[in-house]
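For reference, the structure discussed in these notes is given below.
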Amino acid sequence: MTSTAPETQRGQDAGEPLGEQPTSWQRRLRRFGHVPRPETSLRDRLDPPWTRPGRQVWSVLAIPPHVADRLVRWSGWGGPLLVTLVAGLLRFWRLDQPNAVIFDETYYAKDAWALVNQGYEGSWPKDVDKLILKDPSSVPIPTDPGYVVHPPVGKWIIGFGEQLFGFTPFGWRFMVAVLGTISVLLLCRIGRRLFRSTFLGCLAGLLLAVDGLHFVMSRTALLDLIVMFFVLAAFGCLVVDRDRSRRRLADALPVDEEGVLRPDARIAETLRLGWRPWRLAAGVMLGLAFATKWNGLYILAAFGLMTVLWDVGARRTAGAARPYMAVLRRDLTPAFLSTVPVAIVTYIVSWTGWIVTDKGYYRNWAATEGKGSSWSWLPDWLRSLWHYENQVYDFHVGLTSGHTYESNPWSWLVLGRPVSYFYEEQAGCKESSTGKCAAEVLAIGTPLLWWLACFALAYVVWRWLFRRDWRAGAIACGVAAGWVPWFFYQERTIFLFYAVVFVPFLCLAVTMLLGAIVGPAAGTGARADLGLTSKDPTGERRRTLGAIAAGVLVLLIIWNFIYFWPLYTGTSIPEDLWRDRMWLDTWV
């Protein structure tokens, strides 16, 4: 295990960084836990080292040092792959159950089938779902265009699974389950890079694997899990880009006679960081998120700002006297070009199926109602697409019709109003005092995980503001980008399952909190961040107690996921047991 605190060493006596005096605002913030920037090597600040398990762990397990070294090397991928295997087994187990079209699958499963077969969504007749479940081959694909209000990427992905396994519940859920499983692997690797710890990375992935909302959304053919996957992939690309650009900056700085890296204002302000393919990949991923559902546009803006601020921090650390001006001159334009235009082009390309046909909804608007417009010099398909997008925007902002399971974003973190995707009551259940059994698929997060995440977010915000920890800021940005935009549409009909987009960042926040509870390992510079020194006899005892406390919390979260398993999978249980799991009145 390892602490989430940076590997730093404080000065002596007064606790100040050597050679650095606190400013007035730093002294005022001391009461809230602010710690001035410690004196560490410049290279470690630009490119922090990876932590390694202590020798004590291998000694207890009686593992020889050469075998331990090999296990450590393999654990970087072996650990995440093992967690991913568990997540995949959970998500694919009886994926075709319930054998029904649940909740909004009635839209996306059918639109995806039409899209992959004819390039545009059709207008399906009402009450066709039962016929599809009975004999999908007997249901013709409608050639009349259907009016859809979401971009096509998510439906292309769902449709790919249908092409592989047929127009069945397993077919339309398959690719969503694949992305849900891979997202666990992504989070393990992202957490590992973020915290410089394989253990904490795997812990973050494990928490995601046992989150109920992520689990249910991974087994349902809706779009929001797909948005989450691309958002998480984009975040991972940006974290890799941050590491590589800072390493490149460190390699360009001068080294003194003693071999110590030194800051250099000229290099820090003028160095061009060159080709940054990972940021370009992030632009593609954000474009795919935006091309699945429009809330990806807000995340594009938030992540774009975040990566620019990372560049400012890197140049300041390297010695730039005016880091914002340096970023404005050297980094801002490349950052913009590798994200925003790339995302927009990706979005437009995603409409290729609609563009190359002449039957899609509003496809011929420019040649009919839009004829004679002052923008007629533009291609007809582009003007028709722009008109379509305007109509869709008006639909989204005007969607205020009530729904049984709608909820306000203020209630999401405490799971105020989950969404029931499927409910079936069965009579003649002898195990129940009411004589009934209930089978339900409830889109709700694992309660103990989410309620702990409320405290974890407070810790993350505190650590970002008062400890200046960039990792905490990145996690907070991911949560805010996926959550805050919905507060601007509180009169719109919105649902708790939209929150799946920022669930991975909640898991990272909880992981950071658990890492702090465990505490830093003995002999690391990070001990000083928690007020512990190598001479402190209580350090190991505090770490042992912290590990026990964190372990208990993780086990409780896993137990909580198992307890709610019937509600995540639609398993039939006696109505008495179903009611026992309705912890809040608003869950019914």
Side-chain angles (χ1 to χ4, degrees), residues 3-6 8 22-23 25-38 48 187 190-191 193-197 200 203-204 207-208 211 228 231-232 235 238-239 242 298-299 301-310 312-313 408-416 445 448-488 498-520 526 529-531 546 549-550 553 557:
S3 168
T4 59
T8 58
T23 62
W25 69 268
Q26 288 174 333
R27 286 193 292 268
R28 288 196 297 270
L29 293 179
R30 283 282 185 78
R31 68 188 67 178
F32 301 107
H34 171 73
V35 175
R37 184 179 296 279
L187 191 64
I190 291 169
R193 182 174 290 272
L194 204 65
F195 300 125
R196 290 299 197 263
S197 165
L200 290 182
L203 177 58
L207 293 177
L208 187 63
D211 174 63
M228 181 280 306
V231 168
L232 183 61
F235 181 78
L238 291 176
V239 172
R242 180 185 187 275
Y298 293 102
I299 297 166
F303 282 8
L305 177 61
M306 179 181 68
T307 188
V308 169
L309 292 178
W310 285 352
V312 171
N408 192 286
W410 286 108
S411 69
W412 288 358
L413 286 183
V414 295
L415 303 174
L448 294 186
L449 173 60
W450 281 63
W451 294 340
L452 180 60
C454 295
F455 297 96
L457 285 179
Y459 171 73
V460 162
V461 172
W462 170 81
R463 190 168 186 90
W464 176 43
L465 293 176
F466 301 116
R467 292 295 179 93
R468 321 302 287 178
D469 192 328
W470 73 271
R471 301 165 300 177
I475 295 170
C477 178
V479 174
W483 184 28
V484 171
W486 294 110
F487 287 95
F488 299 111
Y498 294 172
V500 74
V501 174
F502 59 84
V503 165
F505 300 97
L506 293 182
C507 294
L508 288 173
V510 172
T511 300
M512 195 170 203
L513 176 63
L514 293 175
I517 291 174
V518 171
D529 189 70
L530 295 176
L553 288 173
I557 290 170

Which residues pass the ring pair (Phe, Tyr, Trp, His ring centres under 6.0 Å) test with W451, sequence neighbours left out? none

Starting from the C-alpha separation in whole Å, work towards a yes-or-no answer on side-chain contact (heavy atoms from CB on, under 4.5 Å) for M228 and V503. CA-CA 8 Å; M228 181 280 306; V503 165; 5.8 Å; no

In L449, I557, V510, the residue satisfying side chain to side chain contact (heavy atoms under 4.5 Å, CB included) with D211 is L449

Is a donor on one side and an acceptor on the other found under 3.5 Å between the side chain of [X] and the backbone of [Y]?
X	Y	result
R196	R193	yes
W483	P409	yes
T307	F303	no

Interatomic distance, [X] atom [atom1] to [Y] atom [atom2] [nearest 0.5 angstrom]:
X	Y	atom1	atom2	value
R463	L513	CZ	CG	11.0 Å
F195	L508	CZ	CG	5.5 Å
L187	T511	CG	OG1	7.0 Å
L208	L232	CG	CG	7.5 Å

Might you work through the side-chain contact (heavy atoms from CB on, under 4.5 Å) test for Y459 and I517, ending with a clear yes or no? CA-CA 11 Å; Y459 171 73; I517 291 174; over 6 Å; no

Looking only at side chains, do N408 and W486 share a donor and an acceptor under 3.5 Å apart? no

Given side chains that start at C-beta, do those of Y298 and V484 come closer than 4.5 Å, heavy atoms only? no

Before giving the answer on side-chain contact (heavy atoms from CB on, under 4.5 Å), spell out for L413 and L506 the whole-Å C-alpha distance, their side-chain angles and the decisive distance to 0.1 Å. CA-CA 10 Å; L413 286 183; L506 293 182; 4.1 Å; yes

Checking L514 against V518 for the side-chain contact (heavy atoms from CB on, under 4.5 Å) test, could you report, in this order, the C-alpha distance in whole Å, the side-chain angles of both residues, the deciding distance, and whether it holds? CA-CA 6 Å; L514 293 175; V518 171; 5.5 Å; no

Take a 6.0 Å sphere around CZ of F487 and say whether it holds more than 12 heavy atoms from other residues, nucleotides or ligands. yes

